[in-house]
Each structure stands twice: as structure tokens, then as C-alpha cells.
Amino acid sequence: MSEFSLIDLERIVAERAKASPEESWTAKLFAAGQEKAAKKLGEEAVETIIAAIQQDRKNLTAESADLLYHLLVVLNIAAVPLQDVLDELQRRTGQSGLQEKASRPTS
């Protein structure tokens with residue numbers, strides 16, 4: 001199997017966003033705007049949760065792929081590079097998750 005990364009998917013999302021909305025689901029999401037894309041991301045998150053709770057490995061895999069794809073669409077629409085998210089994850093690995101959460105400002 002070839003190496004495929006989220007960076008590859010980010011590039012594909014950016015390319016497909018330039019297509020006609022009649023020809024590309026990605027372009028259709030971009031044309032509909034961030035609200036529609038974010039709602040779709042939320043739907044995929046719920047479907048991923050349901051698959052996890054049901055311990056349905058095959059569906060969990062498929063829904064996780066949908067979730068990651070839609071997350072990259074939302075990030076791209078917001079002009080947030082995936083690398084920024086990866087950098088934040090790397091920053092957080094220097095401490096335990098409990099320490100990191102405790103260091104966040106309370107709202």
C-alpha cells in the first residue's frame with residue numbers, strides 16, 4: 001500500500017475546491033460556505049461516535065475517514081493550515097493531557 005497522509009488529503013481538498021460545484025462534492029461544500037461544511041463535520045462526528053459505541057470497526061473506519069476529510073474542508077475554508085494543527089498537537093505532547101487541559105484558560 002502506498003503512503004498516504006493527511007498532508008496529501010489537504011492538498012487534494014484544496015485542488016478540488018477549485019472545481020465546479022456540479023463536478024465536485026468538495027467544491028460544492030466550499031460554495032455552500034463554512035456553516036454548511038461545519039454542520040457536515042458535526043454530522044460525521046456523530047456518525048463516528050455511533051460506530052465507535054456500536055464497536056463496528058468497518059463503519060468506524062469509514063466514518064473516521066469522512067470525519068477527517070470534512071475537518072480538512074472546514075480548516076481549508078477557514079484558511080487554517082493542517083500544519084498549524086499538527087504543530088499544536090506536537091506542542092501538547094510535551095506534557096500530559098491532564099496538565100495541558102489544566103493550563104488552558106477557563107472561560
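When a residue number appears, it is its place in the shown sequence, counting from 1.
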Working to the nearest 0.5 Å, report the span between NZ of Lys18 and OG of Ser24. 12.0 Å
Minimum heavy-atom separation for Val73 and Ala37, please, with both atom names. CG1-CB, 4.1 Å
Do any N or O atoms from the side chain of Thr61 and from the backbone of Arg57 form a donor-acceptor pair under 3.5 angstrom? yes
Would you name the heavy atoms of Leu29 and Ile77 that are closest together and state the gap between them? O-CD1, 4.2 Å
Working to the nearest 0.5 Å, report the span between CG of Leu89 and CG of Asp84. 11.0 Å
Flag the pair Glu43 and Lys39 as a salt bridge only when some basic side-chain nitrogen lies within less than 4.0 angstrom of an acidic carboxylate oxygen. no
What distance separates Gln34 CD from Asn76 CG, expressed to the nearest 0.5 Å? 9.5 Å
Given 3.5 Å as the limit, does a donor-acceptor pair link the side chain of Glu10 with the main chain of Leu82, or not? yes
Here the pair of heavy atoms bringing Asp8 nearest to Glu3 is OD2-O, 3.9 Å
Count the heavy atoms belonging to other residues, nucleotides or ligands that lie under 6.0 Å from NZ of Lys40, then report whether that count exceeds 12. yes
Main chain of Gln90, side chain of Thr93: is a donor-acceptor contact present, judged purely on distance under 3.5 Å? yes
Mind running side-chain contact (heavy atoms from CB on, under 4.5 Å) on Phe4 and Ile12 for me, showing each step along the way? CA-CA 11 Å; Phe4 183 78; Ile12 292 166; 4.0 Å; yes
Near Gln83 CD, under 6.0 Å, is it more than 12 heavy atoms from other residues, nucleotides or ligands? yes
Of all the heavy-atom pairs spanning Leu72 and Leu6, show the shortest one and how long it is. CD1-O, 3.8 Å
Give a yes or no answer on whether the side chain of Asn59 reaches the backbone of Asp56 with a donor-acceptor pair at less than 3.5 Å. no
Please determine whether side-chain contact (heavy atoms from CB on, under 4.5 Å) holds for the pair Phe30 and Trp25, giving the CA-CA distance in whole Å, both sets of side-chain angles, and the decisive distance to 0.1 Å. CA-CA 9 Å; Phe30 272 75; Trp25 171 248; over 6 Å; no
Smallest separation among heavy atoms of Ala17 and Ala27, with atom names: O-CB, 3.9 Å
Just by modelled atom types, is the Glu63 backbone N or O under 3.5 Å from a matching donor or acceptor in the Thr48 side chain? yes
